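Step one of this worksheet: look at the structure below.
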Number of protein chains: 2
Amino acid sequence: MDETRAQILDAAEQLAQQRGFNAFSYRDIAEQIGIRGPSIHYHFPSKDDLGVALVERYREQFAQACTHIDRKARTVSDRLRRFAALFRATLERGNRMCLCGMLAAELSTLSEPIQLGVQGFWSDCERWLAGALEDGRETGELSFRGDSARRAAVVLAGLEGAMLAARVADDPGKFERIARTLLDELTA
Amino acid sequence: MDETRAQILDAAEQLAQQRGFNAFSYRDIAEQIGIRGPSIHYHFPSKDDLGVALVERYREQFAQACTHIDRKARTVSDRLRRFAALFRATLERGNRMCLCGMLAAELSTLSEPIQLGVQGFWSDCERWLAGALEDGRETGELSFRGDSARRAAVVLAGLEGAMLAARVADDPGKFERIARTLLDELTA
DNA sequence: GTCTATAAGATGATAGAC
DNA sequence: GTCTATCATCTTATAGAC
């Protein structure tokens, strides 16, 4: 539909993931896509509107990616590896943080609608992970202590933390090593 | 010695942990301690100077806390639990994020001296954790796969990610459950 | 839809009085 | 050491021309 709108969201997403939502301006977005700052207000009246749309789209795209994994992956281990690969791909595309990991850090400075979206993303991920873990345990492919919801929270926190760690170390391989260790733990 | 300087650092630390380094101003600090904004420039000429001092002090205090743990804790499990408790205490003091976890998210917007300090904090923590894990494996108290440095990175990423998760869920208990699960894994 | 012009406020920072 | 006054700049946002 609206090409400019998509360009704005793409640029804003990149900036938010690399710098944080509080560390970029309408002007930064405008310069990236070759228009003038105030033109963006036509598409997103306030920065808050932009933030809400950003999180909404990110959540939808991530949910689609998870659905795609469910269709394609043959084993539970494969599902989990592909899930981790989504985060790794984000990291390798310009050293970006997970958008909702970044916004989690900035949470207290964000409007309530944005906060709710961020919470939604985290619970979406935990629900999907818990489902995969539950499946794996039922088929005997996975083995872990505690309930799957609790373990899902551990895996997600580990992946988000691993993205921070990889950025600090300036080493994408660090993410991979942490993610791999986290997942290997489940096939003991 | 300099009481005002310490007050400034205390206020700045709180603000940086709650909102992020890019989301507070000299004025915010000044209002908290009852002086005027520009007065802060006498103690910290630039915000960058403040950031460097902030990370430096945080690193030192954390290192001291780790040394204290080494003196007091009787078992390796106890050492690890107390280490995790440092993060939990931060979280429970006004829902603060680990300063260097927050700065890890904002990393690309920070000056090189600050970035180096953040990297230093993460490697300090990993080194301390790796030492504890190595000790635990030698005495047979712990059991885990892979080398201790790699496992230390997993634990630290898990704890930092757990802080983000707990803030998003608005539930400090979430940090505790994730941390506990991470550490229980080591005593299989 | 995008532009220019502009407002209103915040920000990091400096100068100079006390 | 802290103050007031002030600066240049940036930021979100609006109004109105094209």
Side-chain angles (χ1 to χ4, degrees), chain A residues 1-55 57 102-103 106-115 117, chain B residues 1-57 99 102-103 106-115 117:
Chain A
M1 317 274 150
D2 201 342
E3 178 62 20
T4 306
R5 187 187 155 92
Q7 280 184 297
I8 293 168
L9 286 171
D10 288 343
E13 187 177 89
Q14 184 203 108
L15 290 163
Q17 289 180 286
Q18 287 173 335
R19 305 188 200 166
F21 190 74
N22 294 317
F24 73 88
S25 69
Y26 270 36
R27 223 174 162 174
D28 293 323
I29 301 171
E31 279 169 13
Q32 274 204 22
I33 64 179
I35 60 175
R36 301 300 203 134
S39 304
I40 297 174
H41 286 283
Y42 171 80
H43 302 275
F44 302 98
S46 77
K47 198 179 177 185
D48 207 67
D49 296 321
L50 173 60
V52 170
L54 220 44
V55 174
R57 189 182 72 150
M102 180 66 83
L103 298 185
E106 298 178 293
L107 203 72
S108 73
T109 70
L110 305 174
S111 72
E112 207 195 315
I114 299 183
Q115 289 189 26
Chain B
M1 303 294 123
D2 198 344
E3 179 62 19
T4 305
R5 187 188 155 91
Q7 280 184 294
I8 293 169
L9 286 172
D10 288 344
E13 186 176 270
Q14 185 203 108
L15 289 163
Q17 290 180 286
Q18 288 174 334
R19 303 187 200 169
F21 190 74
N22 294 317
F24 73 88
S25 69
Y26 270 36
R27 225 174 163 173
D28 293 323
I29 300 170
E31 279 169 15
Q32 273 203 24
I33 66 179
I35 60 175
R36 301 301 201 132
S39 303
I40 298 174
H41 286 283
Y42 172 80
H43 302 275
F44 302 98
S46 77
K47 198 179 177 186
D48 207 69
D49 296 321
L50 173 60
V52 170
L54 220 44
V55 173
E56 216 161 274
R57 190 181 70 152
L99 177 66
M102 180 66 83
L103 298 185
E106 298 179 293
L107 203 71
S108 72
T109 70
L110 306 173
S111 72
E112 207 194 314
I114 299 182
Q115 289 189 25

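Below, chain A is the first sequence line, B the second, and so on; all start at residue 1. Values in this document were obtained by computation on a predicted structure and should not be read as measured data.
If you measure from atom NZ of B:K47 to atom P of C:dA13, you get 9 Å, rounded to the nearest angstrom. Rounding to whole angstrom units, CZ of residue B:F24 and C1' of C:dT11 are separated by 12 Å. Nucleotide C:dA13 holds its P atom 8 Å from the CG atom of B:D49, rounded to whole Å. Whole-Å rounding puts the B:I29 CD1 to C:dA13 P distance at 11 Å. Taking atom CD1 of B:I33 as the reference point, atom C1' of D:dC3 lies 14 Å away to the nearest angstrom. The interatomic distance linking B:R27 (CZ) with C:dA13 (P) rounds to 16 Å, in whole Å. Distance NE2 (A:H41) to C1' (D:dT14): 8 Å, rounded to an integer number of Å. Computed from coordinates, the B:R5 CZ to D:dT2 P distance equals 13 Å when rounded to whole Å.
Residue A:S39 has its side chain nearest to C:dC3 when only D:dT11, C:dC3, C:dA13 are considered. Minimum atom distance to the side chain of B:P38 is reached by D:dA5, of the listed D:dA5, D:dT2, C:dT11. Residue B:H43 has its side chain nearest to D:dT2 when only D:dT2, C:dT2, C:dA13 are considered. You'll find that the side chain of A:Y26 is closest to D:dA13, out of D:dA13, D:dT2, D:dG1. The side chain of A:R36 lies closest to C:dC3, out of C:dC3, C:dG1, C:dG12. Candidate nucleotides C:dG1, D:dT2, C:dT11 were compared by shortest atom distance to the side chain of B:I35, and D:dT2 ranks first.
The CD1 atom of B:I35 sits 12.0 Å away from atom OH of B:Y42, with the distance rounded to the nearest 0.5 Å.
Between the side chain of B:Y26 and the main chain of B:R36, no donor-acceptor pair closer than 3.5 Å is present.
At the phosphate of D:dG1, OP1 or OP2 sits under 4.0 Å from a side-chain N or O atom of B:Y42. OP1 or OP2 of C:dT2 lies within a sub-4.0 Å distance of a side-chain N or O belonging to A:T4.
Counting any heavy atom pair closer than 4.0 Å across all strands shown, A:F44 reaches no nucleic acid atom.
In terms of heavy-atom proximity, B:Q17 sits nearest to B:M102 at O-CE, 3.2 Å. Closest approach of B:I29 to B:A12, counting heavy atoms only: CD1-CB, 3.9 Å.
Between A:I114 and A:L107 the shortest side-chain heavy-atom distance does not fall below 4.5 Å.
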